[in-house]
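A short worksheet on the structure shown next.
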Amino acid sequence: MPGTRVRFCPAPSGWLHVGGARTALFNWLWARRTGGDFVLRIEDTDADRVSAESAEGMLEALRWLGLDWDEGPGVDGPHGPYVQSDRRLLYEQVVNLLLKADLAYDAYETPEELEAARERAAAEGRPPGYDGAHRDLSDEERHRYQREGRRPTIRLRTPDEGTVAWDDEVRGRITIDWSTIGDFVIWRADETPTYYLANTVDDLAMGITLVARGEDLLSATPRQLLLGDLLLRDRLLDDALSAASYPGRPADAGRPGWAHLPIIVGADRKKLSKRHGDVAIDAYRRAGYLPEVMVNFLALQGWSWDGVTERMTADDLADRFSFDRVGSNPAYFDTDKLRAMNGDRIKELDDGELAERLQPILADADLILVPPEPEHARLILGLAPLLRERIQILSEAVPLVAPLFREEVVHEDAAVAKHLRAPADRVLDAAAAALEELEEWDVASIHAALDGVAEQVGVGRGKAFQPVRVAVFGSAVSPPLPETLALLDRATVVARIRAARDLVHG
RNA sequence: GCCCCCGUCAUCUAGCGGCCCAGGAUACCGGCCUUUCAAGCCGGCGGCGCGGGUUCGAAUCCCGUCGGGGGUGCCA
């Protein structure tokens with residue numbers, strides 16, 4: 001029984017999005033669960049839409065999630081290289097052998113001609129697939145097209161009848177008629193391989209045992225099954241591998257199994273895309289979602305353990321994950337629940353951990369420097385227990401604590417209008433005086449002093465605390481007052497209270 | 001159009017013939033607590049798309065129907 005080898009192979013265009021991350025996660029989990037290998041392969045065959053920055057961003061996002069790979073970019077393995085643009089020679093060899101065996105042929109239609117043919121077919125109610133017009137060109141016809149300056153694509157011959165079937169790990173047996181599948185392009189006119197070719201060749205060459213990918217690739221499977229059979233049947237792949245001097249396939253390699261994961265959809269039930277809002281993993285990182293929560297939540301999109309247990313660490317998941325518990329209906333990406341889970345996780349963090357995770361977020365908001373100044377570090381640590389129960393995502397801490405890191409207080413109009421009115425003037429005067437006279441600047445003393453102010457002015461605690469809150473924070477909402485004031489220096493607090501005295505009206 | 005996939009509370013899901021007049025979580029609503037905002041605790045609302053079968057018995061099996069999605073590319 002060969003070891004499990006799974007893979008994640010993003011096309012580096014744009015950011016790693018939640019659907020891709022979920023696919024990567026399921027593969028990673030299966031590798032960890034089975035003690036197998038997780039291979040990362042960059043599929044950059046379509047030069048028009050890929051970029052190195054995108055590839056780097058995807059690796060970064062994967063690293064952030066903690067999905068480490070056993071082979072791939074930056075991690076040498078026995079079946080590299082792991083970037084398809086570095087494997088060009090291999091694909092060329094494969095195509096040549098396919099051509100020589102007459103399993104594939106050159107076709108000279110231009111994209112415009114094909115498009116026109118598709119439109120015609122649609123208008124006449126015929127299937128829009130490739131009609132095989134250039135399937136059996138004579139040498140004469142071929143030369144004529146070449147003289148016209150046409151560059152051919154190479155298409156693989158597909159059966160005209162019969163069926164193809166496979167047992168999908170998620171969906172069970174799937175059967176498709178060959179009559180619905182036309183000869184397809186494996187090599188573009190610009191001499192680059194298509195997904196069908198490169199992906200199939202590499203999965204086989206790298207000894208992948210299970211292909212787990214999005215449902216949107218379900219209908220690509222028959223073509224890859226066929227190509228794979230052809231490649232293995234007459235040792236074409238092995239010949240190409242040695243002709244191009246690539247490492248051979250693992251000794252025990254066979255054909256991979258398949259698992260098609262349900263897609264993740266937006267609120268409109270369509271495949272999740274940019275117009276649905278934040279779909280990039282990086283956006284969630286910046287907003288202050290914790291990676292372990294993203295992993296936990298993503299695992300629950302389409303998979304469940306017992307229907308009751310939801311909070312699981314990556315290790316828990318790796319212990320429990322299997323494709324037979326992956327559902328087959330699309331999941332709507334519901335960030336409400338993500339937020340809730342994130343908030344719960346934040347509550348589990350101790351002060352030091354929370355403070356540390358808060359730092360990059362506060363730095364992003366220009367509240368602190370990258371290694372924070374010592375007094376800021378102390379302040380954040382002191383704030384951590386006050387923030388813990390109040391935020392679900394880290395960035396929510398920013399408005400709550402910003403006034404504590406800034407020189408100037410910005411007083412919100414609504415807060416001033418509501419809370420800085422008589423007898424707030426008396427409250428502020430009394431508070432400034434009382435705080436100034438305190439012997440100890442600590443929570444208990446401050447609390448007692450403010451309670452004393454309430455009594456002195458003859459108002460309830462709320463009426464006493466709110467004006468002080470607005471004076472110091474500029475806002476009617478803040479972390480608990482005495483606890484927070486104790487973290488600031490007394491002079492600042494008293495000065496702010498005095499300054500707010502002028503804002504009191506009516 | 002054709003092919004394929006899917007259909008349990010608003011959302012993620014459990015359920016694989018009786019344990020379910022359907023369970024958990026999130027969201028929402030109400031109460032308690034309370035210095036703001038939260039948190040916490042307690043309670044509540046809410047679903048098997050529809051129609052036929054099969055069966056003593058169906059959310060679970062079969063057929064049909066409707067609805068949604070994916071594919072149909074020299075994208076992946």
Side-chain angles (χ1 to χ4, degrees), chain A residues 9-11 13 43 45-46 48-49 107 109-111 114-115 118 121-130 151-155 168 170-171 174-177 179-182 184-196 198-199 213-222 260 262-263 265 267-271 297 300-311 327-341 343 347 386-392 396 400 415 419 447 450-451 454 460-466 468-470 473 475-482:
Chain A
C9 39
S13 66
E43 304 212 329
T45 59
D46 186 3
D48 288 345
R49 56 185 73 195
E109 294 97 336
T110 63
L114 291 169
E115 180 56 32
R118 266 193 291 275
E124 292 166 19
R126 287 180 292 114
Y130 182 62
R151 306 297 306 158
T153 61
I154 295 173
R155 288 181 183 266
D168 198 276
V170 172
R171 281 150 215 281
I174 295 176
T175 307
I176 292 174
D177 277 311
S179 65
T180 63
I181 299 172
F184 58 95
V185 175
I186 55 175
W187 192 255
R188 301 187 184 99
D190 68 357
E191 313 224 297
T192 58
T194 63
Y195 174 79
Y196 296 120
N199 185 265
R213 56 188 352 182
E215 184 192 3
D216 48 338
L217 261 358
L218 184 77
S219 52
T221 310
H260 287 94
I263 55 169
V265 299
D268 57 1
R269 292 269 133 195
K270 294 191 199 302
K271 194 159 83 170
F297 181 72
L300 262 15
Q301 299 291 293
W303 175 87
S304 71
W305 170 235
D306 55 9
V308 175
T309 310
E310 294 195 322
R311 306 313 156 98
S328 46
N329 48 323
Y332 164 55
F333 194 69
D334 176 21
T335 49
D336 272 348
K337 186 152 179 170
L338 210 208
R339 290 180 74 90
M341 289 177 64
K347 288 183 192 69
L386 307 179
L387 253 15
R388 181 154 41 227
E389 316 240 302
R390 262 161 271 265
I391 59 174
Q392 289 187 300
E396 288 170 345
L400 242 26
H419 298 290
H447 206 302
L450 293 178
D451 277 344
R461 207 182 245 169
K463 283 259 189 295
F465 278 47
Q466 284 305 80
V468 175
R469 193 189 306 278
V470 173
F473 287 86
S475 162
V477 176
S478 82
L481 198 54

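Letters go in sequence order (proteins before strands), and every chain restarts at 1.
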* Mind checking the P distance from B/G7 to B/G15? Whole angstroms is fine. -> 13 Å
* Phosphate oxygens OP1/OP2 of B/U35: is one of them under 4.0 Å from a side-chain N or O of A/Arg469? -> no
* B/G70 P sits how many Å from A/Arg213 CZ, rounded? -> 17 Å
* Think A/Thr45 has a side-chain N or O under 4.0 angstrom from the OP1 or OP2 of B/A76? -> yes
* Asked: To the nearest Å, how far apart are A/Ile176 CD1 and B/C4 C1'?
  -> 6 Å
* Round to the nearest Å and state the distance from A/Lys337 atom NZ to B/U11 atom P. => 13 Å
* Measure the distance from CH2 on A/Trp303 to P on B/C12 and round it to the nearest whole Å. => 17 Å
* Taking OP1 and OP2 of B/A76, is either one under 4.0 Å from a side-chain nitrogen or oxygen of A/Arg188? -> yes
* **A/Thr194 vs B/C74: side-chain N/O to OP1/OP2 distance below 4.0 Å** => no
* Determine: side-chain N/O of A/Arg118 to OP1/OP2 of B/G73, distance under 4.0 Å, yes or no. => yes
* **N/O donor-acceptor pair, side chain A/Arg390 with base B/C37, under 3.5 angstrom** => yes
* To do: Return the value, rounded to whole Å, for the distance between atom CG of A/Leu386 and atom P of B/U35.
  => 16 Å
* Structure fact -> Contacts of A/Arg171 meeting salt bridge (Lys or Arg N to Asp or Glu O under 4.0 Å) (sequence neighbours excluded), chain-then-number -> A/Glu215
* Taking a pair as Watson-Crick or G-U wobble with both distances under 3.5 Å, which nucleotide is matched to B/G1? -> B/U72
* In whole angstrom, what separates A/Ile391's CD1 from B/A39's C1'? -> 12 Å
* Polar side-chain contact A/Glu310-B/G24 base: donor and acceptor under 3.5 Å -> yes
* **Residue-phosphate contact under 4.0 Å: A/Ser219 side-chain N/O, B/U72 OP1/OP2** => no
* Asked: So does A/Asn329 get a side-chain nitrogen or oxygen closer than 4.0 Å to the phosphate oxygens (OP1/OP2) of B/U8?
  -> yes
* Asked: Expressed in whole Å, how much space separates the C1' atoms belonging to B/U11 and B/C21?
  -> 24 Å
* How about A/His419 and A/Phe465: are their ring centres within less than 6.0 Å of each other? -> no
* Candidate nucleotides B/A76, B/U35, B/A38, ranked by approach to the side chain of A/Arg461 - the nearest -> B/U35
* Asked: Nearest-Å distance, CG (A/Leu300) to C1' (B/G24)?
  -> 11 Å
* Carboxylate-amine/guanidinium contact A/Lys337 A/Asp334, below 4.0 Å -> no
Any N/O pairs under 3.5 Å between the protein and nucleotides 42-48 of chain B? List them or say none.
none

* To do: Could you work out the separation of B/A59 and B/G49 based on their P atoms and round it to a whole Å?
  => 11 Å
Between protein and nucleic acid, restricted to nucleotides 59-69 of chain B and to nitrogen or oxygen atoms under 3.5 Å apart, what atom pairs and distances do you find?
| residue | atom | partner | partner atom | Å |
| --- | --- | --- | --- | --- |
| B/G69 | OP1 | A/Lys270 | NZ | 2.4 |

* Asked: For A/Asp306, which contact category applies under a 4.0 Å heavy-atom criterion: base, sugar-phosphate, or nothing?
  -> sugar-phosphate
* **Distance between P atoms of B/C6 and B/C19 (Å, rounded)** => 26 Å
